[in-house]
Every structure is written in structure tokens, then in C-alpha cells.
Amino acid sequence: MHKNSIWITGCNGKMGSELMKLLKGNTDYRVVGTSLDVDVTDEHAVEQAIDLYMPQIVINCAGVSDAAYCEKHQLEAYKVNALGARNLAMASRRKNARIIHFSSDDVFSGEHNRPKTEFDNPTPRTVYGKSKLAGENFVRELNPKHLIIRSSWVYGLEEKAESPSGFYQQVIDHGLKGEAFTAPIDVIGTPTSVLELGRFFMKILKSNEYGIFHASCEGGCTRYGYARAVLELNGLDTNLVSETLQEKDGLLVSTQLENLMMKMTGIYEMPQWKDAMRAYVEQNRIGGK
Ligand SMILES: NC(=O)c1ccc[n+]([C@@H]2O[C@H](COP(=O)([O-])OP(=O)(O)OC[C@H]3O[C@@H](n4cnc5c(N)ncnc54)[C@H](OP(=O)(O)O)[C@@H]3O)[C@@H](O)[C@H]2O)c1
């Protein structure tokens, strides 16, 4: 049995593919990635896979992360985000393996315009947020060797523009086509580069930390501010985006996270979101102006 054997689920997604890249090039680890070939909602398939791969660490990047899709497909959302997490938590516990589970800022309702710490009580209001919290709870209850990483507005290379969670890529597409579009000014969060999340992840992977960690870039902005920054930093026309309101009741929704555990343990320091985006753009230049 290899000392640092890792199984990554959801390995073709934004997070999963970045972690595969980071870990495959690292000789300290032997990594196997699965996607829909091991359906995490199928308890038997998960049990078979863990017997085959014998990992010391299971990293769960499988999920349904499109919030609007989750509203319309509640059963599927809970099946993948909650039951899938449960199956992986049970299987990893049976093998005495550590589980690292990716979760979301959407476990918070968005009320109160202040960043939420790991010690704030989650009160999700969407199906996506509720299903992610249910997944977290299964992981916490079923495997004591757990690490739950909550992040927000993650953008990265494997982003699909057709998915609403692929906001960064949608903005690029509008910019390249010269198409006008709108973005909300009443929704606040923190764009987080998958590169920074990956760097934090490598630090925590090598540590003995357990529990819940928030991991988003520092600072925050509206969706509109996010869109403007993507256009500006990629040399595209910032006038293409105009302001809109998303919430019907006039409330401000803020799911900004405070990385309190990260700061207390000193494990990593996340950069300001716009600095991280600038660095991401440098690495992934598109053909703007
Ligand atoms: N993106 C964000 O802004 C963000 C922020 C915070 C937290 N998260 C969480 O982080 C995790 C990873 O996010 P991501 O952005 O990498 O998502 P993603 O790009 O949508 O990737 C999710 C992956 O899970 C796979 N998957 C879906 N159903 C599955 C099933 N039943 N069995 C096995 N694999 C399945 C998908 O496969 P297909 O592509 O083939 O469907 C996809 O490769 C998710 O749990 C998400 O909730 C994401």
C-alpha cells in the first residue's frame, strides 16, 4: 500500500481537474481520479471503488453546483451533494481514511452584510445550499477524520460557459463577442481563483488539520463588480456590462466568507480577490484588446 494514496471524485470539474494537475505532478502522492464512471450516489459502486483504490485520503469534488438547476432538480441535488457525500464518508471511515470534502458559501443564507466565519450557524435558503449542508453534516457525523473546505465563486480552467456557475467564462464570452449583458448589484461574494484554492489545498493536505475551513480570496464585490473586473483585466470593454437587481424583495444577499480558521492556524494567506484574478489572467491570457 502506498503511503499517500489519494482518490479524487469529480476529477473533471473545476476543482477536481486542478487538484489532479497539482497532485499528478507530485511524486509524494499516488492519485486516482474518477468522474461519472464511479457514481457517488451509488453506495455499492463507492464501496467497490474504495476497495480497489485503497486510498489514505478521499477528496470529494463531485457535486451538482448549478444553484438554479438544483432548484428545479431537488432529488438529484440532494442525491449527489448529500447522499454522495454520505456514501464517501461511510466508505472512507471503513478504511480509516481521511475525507476532504468541498462545500460552499451557499450554506449561509446571505442575510446580514458581513463575512461569515466557520463559527456562524449555517442557515441555507436554496436547495443547493441545503443539499451542501446536508452533505457536510453526513461527512462530519460519519467520519471523524474529516476536513470540510467551503469556498465561493470559484473560477478556473475547466469552467463551462453554458453552466451558470461558469460566470467568469460567460463574461469572457460576452466580451469576446462584444455582447451587452447585465449583472446584479445586490449579490455580494468573493471571486476565488482555483489556482489560489489549489495552493491552500496543498498546504492543508500536508497538515494534520481537521474540521471546517473557509477558503475564499480576501475582500468582496458584487456580481456586477466581478464582471467588470473580468472584462478590465482581460482587456475587454467594461461598458458591455450594466447593473441589474436579482432579488425581488430588495434585500442584499451577501455570502462573503471570513477565513478565520486559516488565519488562526496560520496555514495559508489568501490574496485579495482582484490580485488573484490579475495573476490568473497573466497565466491564462485570452486574445483581448
Ligand atoms: N464552483 C464554485 O464556485 C464552488 C464554490 C464553492 C464550492 N463548490 C463545490 O466544490 C465542489 C466542486 O465544484 P466544481 O466547481 O469543481 O464543480 P464542477 O465543475 O461542476 O464539477 C463537479 C464534478 O462532479 C461530477 N459529478 C456530478 N455528479 C456526479 C456523480 N453522481 N458521481 C460522480 N461525479 C459526479 C461532474 O461530472 P460531469 O461534469 O460529467 O457532470 C463534475 O465533473 C462541488 O461540490 C461544489 O459544490 C464550488
Side-chain angles (χ1 to χ4, degrees), residues 7-22 32-46 48-49 58-70 73 75-89 91 99-108 116 122 124 126-136 138-139 147-170 187 189-198 200-201 212-217 223 226 255-257 259 273 276:
W7 172 26
I8 302 181
T9 64
C11 75
N12 295 330
K14 239 183 290 181
M15 241 0 271
S17 55
E18 181 62 22
L19 299 189
M20 285 296 288
K21 209 167 54 192
L22 286 171
V32 56
T34 60
S35 186
L36 296 180
D37 48 328
V38 179
D39 180 354
V40 295
T41 69
D42 181 342
E43 189 185 337
H44 183 63
V46 168
Q48 273 190 326
V58 175
I59 304 173
N60 184 22
C61 295
V64 180
S65 56
D66 177 342
Y69 182 88
C70 288
H73 302 87
L75 182 68
E76 187 184 341
Y78 276 97
K79 233 180 144 177
V80 180
N81 294 340
L83 195 74
R86 182 204 70 159
N87 293 342
L88 291 162
I99 184 165
I100 305 181
H101 175 71
F102 277 91
S103 191
S104 164
D105 55 339
D106 281 302
V107 297
F108 296 106
K116 311 296 184 302
T126 62
V127 169
Y128 172 61
K130 288 175 187 170
S131 66
K132 291 301 293 182
L133 182 61
E136 283 189 8
F138 276 132
V139 168
L147 190 54
I148 292 168
I149 300 175
R150 292 185 186 138
S151 193
S152 83
W153 292 8
V154 180
Y155 56 89
L157 283 178
E158 299 306 315
E159 190 162 294
K160 296 170 190 156
E162 65 272 20
S163 157
S165 61
F167 186 73
Y168 182 102
Q169 199 49 51
Q170 286 164 24
V187 179
T190 306
T192 300
S193 159
V194 80
L195 302 178
E196 281 302 330
L197 194 49
F200 159 72
F201 177 84
I212 300 179
F213 278 73
H214 287 180
S216 65
C217 282
R223 276 271 169 184
Y226 178 4
T255 54
Q256 248 183 281
L257 298 174
N259 303 328
W273 69 268

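When a ligand or atom number is given, it counts from 1 through the structure's own listing order. Note that the structure is predicted; figures quoted are calculated from it, not measured. We count residues from 1, following the sequence as given.
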A.B. asks: Suppose I only count heavy atoms of C61 and a 4.0 Å limit; which atoms of ligand 1 are within that range?
C.D. replies: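 Result: 11 (C), 12 (C), 22 (C), 23 (C), 24 (O).
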
A.B. asks: Is it the side chain (CB and beyond), the backbone, both or neither of S103 that lies under 4.0 Å from ligand 1, heavy atoms counted?
C.D. replies: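 Answer for S103: backbone.
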
A.B. asks: Tell me whether K79 is salt-bridged to E76, with the criterion being a basic N under 4.0 Å from an acidic carboxylate O.
C.D. replies: no

A.B. asks: Could an N or O of ligand 1 be found under 3.5 Å from any N or O of V154, whether backbone or side chain?
C.D. replies: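 Checking ligand 1 against V154, an N or O pair does fall under 3.5 Å apart.
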
A.B. asks: Which atoms from ligand 1 have a heavy atom of V38 less than 4.0 Å away?
C.D. replies: 32 (N), 33 (C)

A.B. asks: Under 3.5 Å between any N/O of K132 and any N/O of ligand 1: does that happen in this structure?
C.D. replies: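 For ligand 1, there is an N or O atom that lies under 3.5 Å from one belonging to K132.
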
A.B. asks: How far apart are the closest heavy atoms of A82 and F138, and which atoms are they?
C.D. replies: O-CD1, 3.4 Å

A.B. asks: What heavy-atom pair brings E18 and L195 nearest, and what distance separates the two atoms?
C.D. replies: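 Result for this residue pair: OE2-CD2, 3.6 Å.
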
A.B. asks: Has T126 got a side-chain atom pairing as donor or acceptor with G129's backbone, closer than 3.5 angstrom?
C.D. replies: yes

A.B. asks: Heavy atoms only: give me the nearest T192-S152 pair and the separation to one decimal.
C.D. replies: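 Minimum heavy-atom contact is OG1-O, 3.0 Å.
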
A.B. asks: Show which atoms of ligand 1 fall inside a sub-4.0 Å distance from at least one heavy-atom site of F102.
C.D. replies: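 Checking each atom against F102, I get 10 (O), 11 (C), 45 (O).
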
A.B. asks: What are the two closest heavy atoms between H101 and N60, and how far apart are they?
C.D. replies: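 Scanning both residues, the minimum pair turns out to be ND1-ND2, 3.1 Å.
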
A.B. asks: For Y155, state whether at least one heavy atom is located under 4.0 Å from any atom of ligand 1.
C.D. replies: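 For ligand 1, residue contact (heavy atoms, under 4.0 Å) with Y155 is absent.
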
A.B. asks: Please confirm whether N60 approaches ligand 1 to less than 4.0 Å, judged on its heavy atoms.
C.D. replies: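 No; N60 lies far enough from ligand 1 that no heavy-atom distance drops under 4.0 Å.
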
A.B. asks: By the definition side chain to side chain donor-acceptor pair (under 3.5 Å), identify the one residue from K116, Q256, R150 that meets it with H214.
C.D. replies: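 Output: one option passes, namely R150.
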
A.B. asks: May I ask you to list the atoms of ligand 1 that are less than 4.0 angstrom from any heavy atom of W153?
C.D. replies: 3 (O)

A.B. asks: Evaluating non-hydrogen atoms only, which member of D39, L36, L197 is closest to atom 31 (N) of ligand 1?
C.D. replies: D39

A.B. asks: What is the minimum heavy-atom distance between Y78 and S131, and which atoms define it?
C.D. replies: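 Reported closest heavy-atom pair: CE2-CA, 3.7 Å.
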
A.B. asks: Does N81 reach ligand 1 with a nitrogen or oxygen that is under 3.5 Å from one of the ligand's nitrogen or oxygen atoms?
C.D. replies: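 The answer is no, given that N81 and ligand 1 share no N or O pair closer than 3.5 Å.
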
A.B. asks: Please answer whether the main-chain N or O of K132 pairs with a side-chain N or O of N81 as donor and acceptor at a distance below 3.5 Å.
C.D. replies: no

A.B. asks: Counting heavy atoms only, name the option from G10, A62, G63, S17 that's nearest to atom 27 (C) of ligand 1.
C.D. replies: G63

A.B. asks: Does the residue N12 have a heavy-atom contact with ligand 1, meaning some pair of atoms that are separated by less than 4.0 Å?
C.D. replies: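 Contact check N12 vs ligand 1: positive.
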
A.B. asks: Tell me which one of G13, G33, S65 gets a heavy atom nearest to atom 20 (O) of ligand 1.
C.D. replies: S65

A.B. asks: Give a yes/no on ligand 1: does S151 have at least one heavy atom closer than 4.0 angstrom to it?
C.D. replies: yes

A.B. asks: Apply the side chain to side chain contact (heavy atoms under 4.5 Å, CB included) test between L88 and each candidate in T9, V139, I59; give the one that qualifies.
C.D. replies: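 Between L88 and the candidates, side chain to side chain contact (heavy atoms under 4.5 Å, CB included) is satisfied uniquely by T9.
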
A.B. asks: Hey, is ligand 1 close enough to V40 that some N/O pair sits below 3.5 Å?
C.D. replies: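 Between V40 and ligand 1 (N or O atoms, distance only) the closest approach is under 3.5 Å.
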
